[in-house]
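Worksheet for the structure shown next.
Lettering of chains follows the sequences in order, A, B, ..., and the numbering in each one begins at 1. Just so you know, these numbers use all the heavy atoms, side chains as well, and skip hydrogens, waters and symmetry mates. Keep in mind it's a predicted model, so treat the numbers as computed, not measured.
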There are 2 protein chains.
Amino acid sequence: MEFESPKMSRLPTIRRLPAYLRVLRQLQGEAWEHVSGTYLAEQLSLDPVQVRKDLTITGIVGTPRVGFMVDDTVAAIEAFLGWQNATEAFLVGVGNLGTALLGYAGFERHGLKIVAAFDADPAKIDVEIHGKPVYPLEKIADLAARLRVRMGILTVPEIAAQAVADRLVVAGITAIWNFTPVALKTPGGVVVQNEDLSCGLAVLSAKLRNADGS
Amino acid sequence: MEFESPKMSRLPTIRRLPAYLRVLRQLQGEAWEHVSGTYLAEQLSLDPVQVRKDLTITGIVGTPRVGFMVDDTVAAIEAFLGWQNATEAFLVGVGNLGTALLGYAGFERHGLKIVAAFDADPAKIDVEIHGKPVYPLEKIADLAARLRVRMGILTVPEIAAQAVADRLVVAGITAIWNFTPVALKTPGGVVVQNEDLSCGLAVLSAKLRNADGS
DNA sequence: TCAATATCGATATTTTTTTATCTATTATAG
DNA sequence: CTATAATAGATAAAAAAATATCGATATTGA
Ligand SMILES: NC(=O)c1ccc[n+]([C@@H]2O[C@H](COP(=O)([O-])OP(=O)(O)OC[C@H]3O[C@@H](n4cnc5c(N)ncnc54)[C@H](O)[C@@H]3O)[C@@H](O)[C@H]2O)c1
Ligand SMILES: NC(=O)c1ccc[n+]([C@@H]2O[C@H](COP(=O)([O-])OP(=O)(O)OC[C@H]3O[C@@H](n4cnc5c(N)ncnc54)[C@H](O)[C@@H]3O)[C@@H](O)[C@H]2O)c1
């Protein structure tokens, strides 16, 4: 007697969806009509059962002996992730990493459009970087309200991370993509996704040490 | 009747170690002698039991009513990850992202030292970027052998990713930190860590869609 | 038409990860 | 010296994820 919400987390599944999407789009380019879960699994070195199970989260259904309609599956994944029409975002901290992200065209394929950037350094403001305007941090609340932007990408130095995050929250930002290694404290209702590169490096280091260690 | 290997995967644990390390180093700076698992948990919004369990993977032991010796714990984590002395690495693809990574000083704190970069674009070679020399791709095998470098960081365009990875493997690279969204095919014995940003974006999108969707 | 086969989707099982509970230890206060 | 509270660490339980099994179904080719 338990009403299950349509998606009961399944974070690992969600993380794999972009990989499926990437293969599927390539198949679209090659004018495939159908694709089997088995094929997707081979391309991505995954288990076929896992692929089929993952795809069910999007609501897509396949047909036996045929597979999944490529176009429908792309649409289903995009709809599930909300990637049909781009979410507009701000980026704060136009340094090494921030500049790289501003220049990455791939985000547009992932339902993300960075509309403006912000920085504390006067030398960086009022210039366009990769076609994106850079404003002083003070303007963020006003612009967030005017443009109704709700996502912020955080690429400031560690030391400034929490303070800038607080500012984003005050400005009405409800989703923070956090590239700093800081564990941000945010009020409920704000979703934070941490993209700490050192996690991946730790895994690689551990594997490496294990590979030659024994 | 089962001999367990010293580390039986526990990937989520390994991914959390750098966060512990970061807090611990800050405490070192403030001259703390001990720290409780409870405190670490609070700082990182984790469960205290999980913190203690995670730390056991490094072999560190704490004392009741006191906690863990800060210095010893830092040493234990670094030893577990092999971060005491830096691993030397090559970076291939000095574009937006590659340049950002070359300029990131934080890697040195994570046992990683990028000693050289490579690119296919003649305009980029023979200049130093962030103090690192950039060579043509052709030199990679020779330099890898001479410098005994075994780790490669891959930041080339998707289209070139597999070919460059193959080249890295031929050159004797056994660990690839892959920032492209391509699922690389590599021979056994080569460890690959994928750092696909779109995974994190997918999670953020799903959370966001779920937060206002219902 | 019919057998063979590739495939999906449902169910079951196993493994991994997280969370909870309980016991023992130790510093500290009285 | 003893009681108390904070804490580690062991064990157990629960939850989540990955993997395996199996029946049903559609396509293909005999
Ligand atoms: N560069 C990388 O490859 C890399 C890799 C992993 C993690 N990171 C993390 O990303 C973050 C940024 O790294 P980076 O190398 O780009 O640093 P950076 O110093 O190159 O850039 C930081 C930028 O933020 C701006 N800034 C500083 N304080 C600010 C504030 N209060 N408000 C707004 N802007 C402010 C600075 O002017 C600068 O432009 C850091 O937290 C770092 O740990 C970077
Ligand atoms: N820029 C980002 O923020 C970002 C974000 C997510 C993922 N990525 C991924 O990182 C990779 C690089 O992205 P980028 O934005 O830095 O691209 P980029 O085009 O700016 O840089 C690519 C670099 O690789 C070099 N290159 C091309 N072919 C090569 C080859 N065969 N051998 C060696 N070098 C070669 C190019 O000369 C260029 O310098 C891509 O796979 C992209 O999907 C980038």
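For the pair B:Leu40 CG and D:dA6 P, the interatomic distance rounds to 18 Å; values are reported in whole Å. The interatomic distance linking A:Ile57 (CD1) with D:dA16 (P) rounds to 13 Å, in whole Å. Atom-to-atom, CE of B:Met69 to P of C:dA27 comes out at 12 Å; the value is rounded to the nearest Å. The distance from atom CD1 of A:Ile60 to atom C1' of C:dG9 is 14 Å, rounded to the nearest whole Å. At whole-Å resolution of the value, CG in A:Leu55 and C1' in C:dA10 are 16 Å apart. Atom CD in A:Glu42 sits about 12 Å away from atom P in C:dA6, given to the nearest Å. As rounded to whole Å, 12 Å separates atom P of D:dT27 from atom CD of A:Glu33. Protein atom OH of B:Tyr39 is 17 Å distant from nucleotide atom C1' of D:dA6, rounded to whole Å.
More than 12 non-hydrogen atoms from other residues, nucleotides or ligands lie less than 6.0 angstrom from NZ of B:Lys132.
For C:dT17, one of the phosphate oxygens OP1 or OP2 lies less than 4.0 angstrom from a side-chain nitrogen or oxygen of B:Ser9. Close to D:dG9, at under 4.0 Å from its OP1 or OP2, lies no side-chain N or O of B:Arg52.
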B:Phe107/B:Trp83 under ring-ring contact (aromatic ring centres under 6.0 Å, His included): CA gap, chis, key distance, verdict: CA-CA 10 Å; B:Phe107 286 145; B:Trp83 284 5; 9.9 Å; no
Please enumerate all protein N or O atoms sitting under 3.5 Å from an N or O of nucleotides 18-20 of chain C, with distances to 0.1 Å.
residue : atom : partner : partner atom : Å
C:dT18  : OP1  : B:Arg16 : NH1          : 3.1
C:dT18  : OP2  : B:Arg16 : NH2          : 2.9
C:dT18  : OP2  : B:Gln50 : NE2          : 3.4
C:dT18  : O5'  : B:Gln50 : NE2          : 3.2

For a quick test of your reading: what N or O donor-acceptor pairs under 3.5 Å do the side chains of residues 51-60 of chain A make, sequence neighbours left out?
residue : atom : partner : partner atom : Å
A:Asp54 : OD1  : A:Thr13 : OG1          : 2.7
A:Asp54 : OD1  : A:Arg16 : NH2          : 3.1
A:Asp54 : OD2  : A:Arg16 : NE           : 2.6
A:Asp54 : OD2  : A:Arg16 : NH2          : 3.3
A:Asp54 : OD2  : A:Tyr20 : OH           : 2.6
A:Thr56 : OG1  : A:Lys53 : O            : 2.5
A:Thr58 : OG1  : A:Leu55 : O            : 2.7
A:Thr58 : OG1  : A:Ile60 : N            : 3.3

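Using a 4.0 Å cut-off between charged side-chain N and carboxylate O, A:Arg25 and A:Glu78 make a salt bridge.
A:Arg167 has its side chain within reach of A:Leu137: a pair of non-hydrogen atoms, C-beta onward, lies under 4.5 Å apart.
Using a distance-only test at 3.5 Å, with no hydrogens or angles considered, no donor-acceptor pair links the side chain of B:Thr174 to the main chain of B:Gly189.
The aromatic ring centroids of B:Phe68 and B:Trp32 lie 6.0 Å or more from each other.
Taking 3.5 Å as the limit, the base of D:dT27 and the side chain of A:Arg65 contain a donor-acceptor pair of atoms between them.
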